[in-house]
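When a ligand or atom number is given, it counts from 1 through the structure's own listing order. Values reported hereafter were calculated over all heavy atoms of this structure, with side chains retained and with hydrogens, waters and symmetry mates removed.
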Amino acid sequence: MATGHIPDAHELTITEPVSSQFEKIPVQVFGQAIDASKEIARRIADRIHFRAAKDENCVLGLATGSTPVSVYAELVRMHREDGLSFKNVVTFNLDEYFPMQPNELQSYVRFMHEHLFDHIDILPENINIPDGTLAKADVPEFCAKYETKIELLGGIDIQILGIGRTGHIGFNEPGSSKTSSTRLITLDRVTRSDAAGDFFGEENVPRRAITMGVGSILSASEIYIIAYGEHKAQIVAEAVEGEISPMVSASFLQEHPHCRFMLDISAAQGLTRFRCPWLVEQVEWTDLLTRKAVIWLARLLDKPILKLTEKDYNEEGLQDLLAEHGPAYDINVQVFRHLQRTITGWPAGKPADLKQPGDVSRPHDDIFPK
Ligand code: PGA
């Protein structure tokens, strides 16, 4: 890993162990996204104060996209209401589309001013954002200087990251190396499709961007990677629980000593402790959890529920369910019958005036009580 600013041990706040044997990066899950954002803003404010007390600059690595918007809103609130000053703050943004004029609707320069910089007392000369207006030939030199400037300031204190559905951090698309630095890249198809709404059509999304590299990001002292919403659940799980791979840039964060995922409950659903909690801890086998486990087992083994055997339950970590509610045959039948009773041509229940004498009510009232 490239070396950056070496913090005093007490400066670092991310020290807790990971939450399950499956997770390779500490993860903090919040009931609501806003609570995660407030926590991140609080940690940033603490660091700014800490540096200010020593008459030092605080260097922040900032991200754009929908995810960090509420973090910035909270920082603006802290500036207005709590007197948080950004006079000692220097910022480096992760990325910018290329080409891009700063006043364009989708420009990250514009985004940062609208959401943060125009509402706080940061000095304009302390704001750094990759320049989308450069001639292509001038980009490499600009990128090298961007890296040098960060290093000369002692490195980034706190880096904020979002994660794209490709697993990108910054715009480090699949294939980016662990040591990559700030550079011009080509955007992935998925990323361009995700940005289509902002550009009124995928065909208008630039094909390139300038981004800080994975290596540049890993040099930060402390990293918060944020994800909200169920559309992020799968890639979060891959980054946190999967193998480290250039195909998921965020997986490189597993090697960072002070990185933490900040998730809302929806973005956490792909993690084993939510998807299959019985693999992580002792659970109480409610009907709902039993159904979840059996359906998971059937999908995992690609077998019909009624064909699941004692061996299947035992080998896939469901011994406890078997011990409590077995034999397997009984559990299979119970779950199968439940699912069977949900199958209907009247998903919301058959209207009373259409019911024929002797009609069986499906879905059964015990499944979807009125
Ligand atoms: P989003 O983007 O916050 O708009 O989801 C995250 C990213 O692509 O890094």
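The residues Arg47 and Glu222 are annotated as salt-bridged, a charged nitrogen and a carboxylate oxygen being separated by less than 4.0 angstrom. Salt bridge Arg77/Asp82: present, at least one basic N to carboxylate O contact under 4.0 Å. Ion pairing between a basic and an acidic side chain is recognised when a charged N comes within 4.0 Å of a carboxylate O; Glu281 and Arg273 show no such pairing.
Taking the six-membered ring wherever Trp is involved, the centroid distance between the rings of Tyr224 and Phe261 does not fall below 6.0 Å.
Scanning all protein heavy atoms for the shortest distance to atom 3 (O) of ligand 1 gives Thr67 OG1, 2.4 Å. For atom 7 (C) of ligand 1, the closest non-hydrogen atom of the protein is His168 NE2, 3.4 Å. Ile163 O, 3.7 Å is the protein heavy atom nearest to atom 6 (C) of ligand 1.
Using a 30° and 60° split on the angle between ring planes, Tyr146 and Phe92 fall in the perpendicular class, above 60°.
Atom numbering of ligand 1 starts at 1 in the shown order; those under 4.0 Å from a heavy atom of Lys232 are 1 (P), 5 (O), 6 (C). Annotation for ligand 1: atoms under 4.0 Å from non-hydrogen atoms of Gly164 are 7 (C), 8 (O), 9 (O). Proximity to Gly65 (heavy-atom distance under 4.0 Å) selects the following atoms of ligand 1: 3 (O), 4 (O).
At least one N or O atom of Ser66 sits closer than 3.5 Å to an N or O atom of ligand 1.
Within the 4.0 Å heavy-atom shell around ligand 1 one does not find Arg165.
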Practice item. Check the pair Tyr97 / Phe199 against ring-ring contact (aromatic ring centres under 6.0 Å, His included), numbers first and verdict last. Key: CA-CA 12 Å; Tyr97 292 107; Phe199 285 86; 5.0 Å; yes

